[in-house]
Amino acid sequence: FDALRSAVCWCGARKRPKQSFCARCFAILPRGMRGALYQLFGGGYEAAHEEAVTYLEEQRGVNAEIAARLRERKEGRAERD
């Protein structure tokens with residue numbers, strides 16, 4: 001319930017109160033997961049929100065890992081040049 005009251009998304013970005021996530025995080029979610037967030041409290045919303053946060057955390061980790069690999073490759077190329 002606090003997530004809906006807040007004007008700050010779990011990622012730290014600003015969001016509108018009464019929305020679960022900021023527009024960027026919401027867009028990252030798969031369609032079915034976005035739809036599940038329209039369930040009522042006590043009717044599945046809580047589980048859907050928790051699943052969405054877990055998914056976003058995993059995506060952040062994957063993106064951070066990819067960025068680190070790209071940095072390593074770039075640094076490796078710079079050293080060879």
Side-chain angles (χ1 to χ4, degrees):
F1 191 68
D2 291 338
L4 289 175
R5 286 185 181 175
S6 177
V8 179
C9 183
W10 78 275
C11 72
R14 296 184 63 80
K15 71 171 190 68
R16 293 181 181 178
K18 299 184 182 177
Q19 291 185 345
S20 300
F21 300 100
C22 66
R24 184 172 182 270
C25 285
F26 191 76
I28 292 170
L29 298 173
R31 183 179 299 162
M33 204 172 279
R34 289 190 305 246
L37 291 169
Y38 289 96
Q39 297 179 78
L40 299 175
F41 282 103
Y45 173 80
E46 297 88 340
H49 186 270
E50 188 174 322
E51 182 181 1
V53 169
T54 300
Y55 178 84
L56 291 168
E57 288 172 338
E58 290 170 355
Q59 292 303 305
R60 177 184 273 182
V62 167
N63 290 339
E65 186 177 322
I66 290 169
R69 287 181 187 170
L70 290 173
R71 274 193 304 276
E72 288 173 5
R73 284 185 188 171
K74 189 175 183 180
E75 290 169 1
R77 287 186 199 139
E79 290 175 3
R80 287 181 279 181
D81 292 339

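The analysis underlying the following values was restricted to heavy atoms, covering all of them including side chains, and did not include hydrogens, waters or symmetry mates.
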### Query
Could you go step by step and tell me if Cys9 and Phe26 meet the side chain to side chain contact (heavy atoms under 4.5 Å, CB included) rule?
CA-CA 10 Å; Cys9 183; Phe26 191 76; over 6 Å; no
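- Taken from CZ in Phe21 to CZ in Arg34, the straight-line distance is 12.0 Å, to the nearest 0.5 Å.
- The two residues Ala36 and Ala48 come nearest to each other via the heavy atoms O-CB, 3.5 Å.
- Rounded to the nearest 0.5 angstrom, Leu4 CG and Lys15 NZ are separated by 6.0 Å.
- Under the 4.5 Å side-chain heavy-atom criterion for Ile, Leu, Val, Met, Phe, Trp and Tyr, Leu37 and Leu40 are members of distinct hydrophobic clusters.
- The line from SG of Cys25 to CZ of Arg60 is 7.5 Å long, rounded to the nearest 0.5 Å.
- For Ala13, the side-chain contact (heavy atoms from CB on, under 4.5 Å) partners at least two apart in sequence or on another chain are Cys11, Cys22.
- Both Val53 and Tyr38 are part of a single hydrophobic cluster, where members link through side-chain heavy atoms under 4.5 Å apart.
- Rounded to the nearest 0.5 angstrom, Met33 CE and Ile28 CD1 are separated by 12.0 Å.
- Arg24 contributes atom CZ, which lies 11.5 Å from atom CG of Leu29 (distance to the nearest 0.5 angstrom).
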